[in-house]
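Have a look at the structure below before the remarks.
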Amino acid sequence: MTDAKQKAAPNRSRGRRIARGLGATAAALVVAAAGTGAWYYQRLDHNITTFAPEGIASSRPPVATPAPTGGRPVNVLLLGSDTRDDGNSSLGGGDEGVGHSDTAILLHVYADHKHAVGVSIPRDTLVTIPPCLLPSGKWSQSRTNQMFNSAFTIGEFKAGNPACTQNTVEALTGLRVDHTLVVDFKGFAAITSAVGGVDVCVPNDVDSYGIHLTKGRQTVSGQQAVDYVRARHGLGDSSDIGRMLRQQAFMSSLIKKVQGRGFDLTTLLPLADAATRSLTVDPELGSPYKLAEFAQSLQDIQLSDIQFVTLPWRFQGARVAVVEPDASILWNLLRQDRTLDGRPTGNASANPAASASASPGAGAGLEPGPGASPSATATATATATASATADPGGAATLDVPVTVHNAAKTAGLAGRTALALRGNGYTDITIGANTPARRTTLIEYAPSQRAAAEHLAQLYPGAELRSTATDSIVLTLGQDRADNPGLPDGTAQDDTAGLGSASPGALPSAIPSGITGNTRPADADLCSDLNFG
């Protein structure tokens with residue numbers, strides 16, 4: 001490899017991070033690990049690989065403005081590399097060659113550092129790839145109508161070109177990417193083994209393409225964990241979109257595992273070692289202390305305050321096209337540091353469901369979209385306020401636990417319903433597994449929760465109420481909800497609505513179904529919504 005090629009290419013690939021909040025909280029463990037001795041710190045420092053800054057575009061979106069409370073939003077690009085180089089061929093199979101990145105998640109950490117959204121970008125999305133640095137030291141020409149994952153191959157480096165993918169994401173989103181991290185097969189397998197395995201749900205038996213998985217809930221690590229997140233053919237609906245849904249579920253389960261487990265040195269040292277050995281990072285995260293400092297800043301993010309969303313998409317032949325204006329609304333929400341239902345984070349309004357009476361459109365401070373009229377905005381605000389205050393005892397019923405099951409056979413319905421319920425003020429929502437199909441929506445409740453069940457039933461006209469032995473209110477969505485995008489009042493959202501317009505009573509009123517229909521809360525049941533269709 002020439003000097004120029006060494007300069008432009010990332011070296012190896014190892015690790016992860018985002019303590020408690022996301023993924024490889026192992027980075028947060030680096031501080032304690034380093035404290036065990038200088039020799040161990042040197043080992044961790046030697047593990048970390050950085051990519052050269054020369055490949056990062058000179059013209060970039062601005063750094064996010066700090067919030068009045070002092071925090072600043074942070075955007076982190078998480079990439080999975082399928083390189084067969086550096087000992088990865090035994091896990092990935094196939095021939096060694098140019099590394100691709102079929103997994104890309106843009107993690108937006110809100111300014112309060114207590115909430116986060118991970119945006120999955122389909123590998124087949126057709127995008128414009130801006131100029132990228134080549135091994136010769138020259139820059140490529142801008143390329144239109146290209147598959148997103150091809151950005152990682154520009155320059156044909158065996159370990160990939162993360163700087164080029166970062167440039168592409170910034171051009172696509174208008175968001176500044178503060179940090180980029182790349183994990184390869186070997187590093188990913190090491191992390192899953194270091195945490196003692198990760199709980200997953202396999203949609204069906206798989207015995208093809210060298211992958212062997214059994215249907216149902218199980219704990220996977222090492223090779224099986226790699227197979228679960230990268231398999232496409234023969235698993236679920238065999239689509240890349242379905243694979244991304246499984247990856248989102250896996251990430252959620254990994255976060256839960258790390259958050260719920262106490263670590264002594266026996267566990268901590270191997271985990272820190274596995275994490276740093278699996279990372280290729282941008283220069284600003286190029287030491288154990290920098291990784292640990294960054295990870296510690298995210299340690300207050302709880303599983304219930306993390307959501308995943310897939311970039312609004314539609315098939316275009318064998319590829320994927322970005323759906324507009326939905327995608328632009330999504331990026332605009334993140335640029336404004338707003339939650340997926342349009343609300344600001346921080347203080348009392350940090351939780352998207354903190355204020356049921358807040359206007360979901362203009363009342364939330366969103367920029368009005370095309371065609372939004374003052375009367376429409378005022379009507380939506382008045383309707384939302386009336387909905388929240390219709391029942392004088394309603395406020396006391398919003399804290400009850402609600403479990404949502406999908407029995408409508410409409411993919412994503414449970415997740416969309418949970419998002420809408422949070423918009424209506426409900427604070428304790430769990431997404432359960434899909435259940436056998438039923439025609440009508442059912443609300444089950446304990447006798448002591450009858451008032452809360454009746455309050456919920458106001459949002460689902462025609463739902464059956466049934467008293468039963470249960471610890472929470474159980475909302476089972478029937479096929480009578482199949483034609484609705486999960487909205488409590490039964491009204492459909494307008495996919496072309498601007499941020500200032502709304503269907504009466506729909507919360508969040510102006511967020512298009514391209515966002516709500518592709519959202520998965522991190523605390524959803526492992527087996528729910530693992531296929532897009």
In sequence, state the C-alpha distance, the side-chain angles, and the governing distance for Phe250 and Phe188, and then conclude on ring-ring contact (aromatic ring centres under 6.0 Å, His included). CA-CA 12 Å; Phe250 187 96; Phe188 183 82; 5.4 Å; yes
Just jot down the side-chain contact (heavy atoms from CB on, under 4.5 Å) partners of Arg335, sequence neighbours excluded, or say none. Leu175, Trp331, Asn332
Rounded to the nearest 0.5 Å, how far apart are CD1 of Ile306 and NZ of Lys256? 12.5 Å
Non-neighbouring partners of Asp525 that pass salt bridge (charged side-chain N to carboxylate O under 4.0 Å, His left out), sequence neighbours left out: Arg217
Heavy-atom pair with the smallest gap, counting every atom of Arg520 and Ser528: NH1-O, 2.6 Å
Ring pair (Phe, Tyr, Trp, His ring centres under 6.0 Å) against His179, all qualifying residues, sequence neighbours excluded: Phe294
Tell me, do Val169 and Ile121 make a side-chain contact under 4.5 Å, heavy atoms counted? yes
Among Pro131, Ser140, Pro135, which residue meets the side-chain contact (heavy atoms from CB on, under 4.5 Å) test with Ile154? Ser140
From the list Val119, Asn75, Val309, side-chain contact (heavy atoms from CB on, under 4.5 Å) partner of Leu334 resolves to Val119
With Asp199, which residues qualify under side-chain contact (heavy atoms from CB on, under 4.5 Å), at least two apart? Thr219, Ser253, Leu526
Which residues share a side-chain hydrogen bond (donor to acceptor under 3.5 Å, both in side chains) with Ser120, sequence neighbours left out: Gln248
Closest non-hydrogen contact found for Ala163 with Ile56 is CB-N, 4.1 Å
According to ring pair (Phe, Tyr, Trp, His ring centres under 6.0 Å), who are the partners of His108, at least two apart in sequence or on a separate chain? Tyr110
Minimum heavy-atom separation for Glu54 and Trp139, please, with both atom names. O-CZ2, 3.4 Å
Are the side chain of Asn149 and the backbone of Asp102 linked by a donor-acceptor contact shorter than 3.5 Å? no
State plainly whether the residues Asp112 and Lys114 are in salt-bridge range, i.e. N to O under 4.0 Å. no
Main-chain N/O of Ala111 paired to Asp337 side chain as donor or acceptor, under 3.5 Å: yes
